[in-house]
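Notes follow once the structure below has been shown.
All ligand and atom numbering here is 1-based and tracks the order in the structure. Because only heavy atoms are used, hydrogens play no part in the values below, and waters and symmetry mates are left out as well, while side chains stay in.
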Amino acid sequence: MEQKLISLSKAISYLTPVGPTDRPILMSVSGDRHTLMIDGGNSEAHAKLFLEKLHEAGKPQPTLAAVTHWHWDHVFGLSALSVPVISSVDTRREMEKLAVYSWDDAALDQRVNEGIEIPFCANAIREEFPGERDMTIVLPDITFEDELTIDLGGLTCVLKQVGGDHAPDGIVVYIKEERVLFLADAIVPDLYAPSWRFTARETLSLLDKIEAFDAQTYVISHWKAITRQEYVKEADLLRTLAFLVSEHEGDLDHILKELEAHKGEPLEMEEAETADYFVNGYRD
Ligand SMILES: [Zn+2]
């Protein structure tokens, strides 16, 4: 699948994601003095492709990079960069654990058997790296707790730890003057639990933190940039399900019925799946 560079504005461009290898969106934000790259990519090849695409489009090369959370697909590309890398303290701590692992098939299989790794990621790692896997985990140079503001020169980025079920260490990046919020995987369920799940408590706390930013555009790592209207629809689904799962004590049939009544039309598959994730999070 061909990856394209999409410009949201003169200052902001991103490289589209890839499904089978689980490549997330990589984004660059350019001020007068600095260009911030958001996420390191799932491999050196991924990070290098992004730098090439920026070059071809006449866009500045990154002078700083930030990683949104510790998951492999957001950090394995960092070794291709020669700029300072920024993350939350919690992300760095999780990445320190990755740094000691081997990534060959036997090591991956073993970690999947032990429940440390999940088949979803192990399979995508095999897709991205069919040959030898000698990746180097580069740890962030600069870490922060809770929030960090970066002045790129006429453009302000606020890095804010929002956590959530997907990755408690996770941050979002708000580009203030452009009203763009890079959500990364924040509104994705916890994939490392025995079954994919959302908890009501974490979801509501996450949505409150996200909604403190007055954004117009939201960037979702394994999808695309969406409008505020589209975000509101996603957030409404999550809030409604967080309420319904408690109200109906995790009873899926009742939850689906109420959700359909709330919506006023038949549910889409994605909505029913999301209900499932909340039931999984309620039960365990
Ligand atoms: Zn993730």
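A ring-centre distance under 6.0 Å is found for Tyr192 and His71.
Geometrically, Arg111 engages Tyr101 in a cation-pi contact defined by less than 6.0 Å to the ring centre and at most 45° from the axis.
Rounding to the nearest 0.5 Å places CG of Leu155 at 8.5 Å from CG of Asp32.
Partners of His34 according to the side-chain hydrogen bond (donor to acceptor under 3.5 Å, both in side chains) rule, which considers only residues two or more places apart in sequence or in another chain, are Thr63.
Of all protein N, O or S atoms, those under 2.8 Å from the Zn ion (ligand 1) number 4.
In this structure the side chain of Ser43 reaches within 4.5 angstrom of the side chain of Glu128, judged on heavy atoms.
Heavy atoms from other residues, nucleotides or ligands lying under 6.0 Å from CZ of Arg126 number more than 12.
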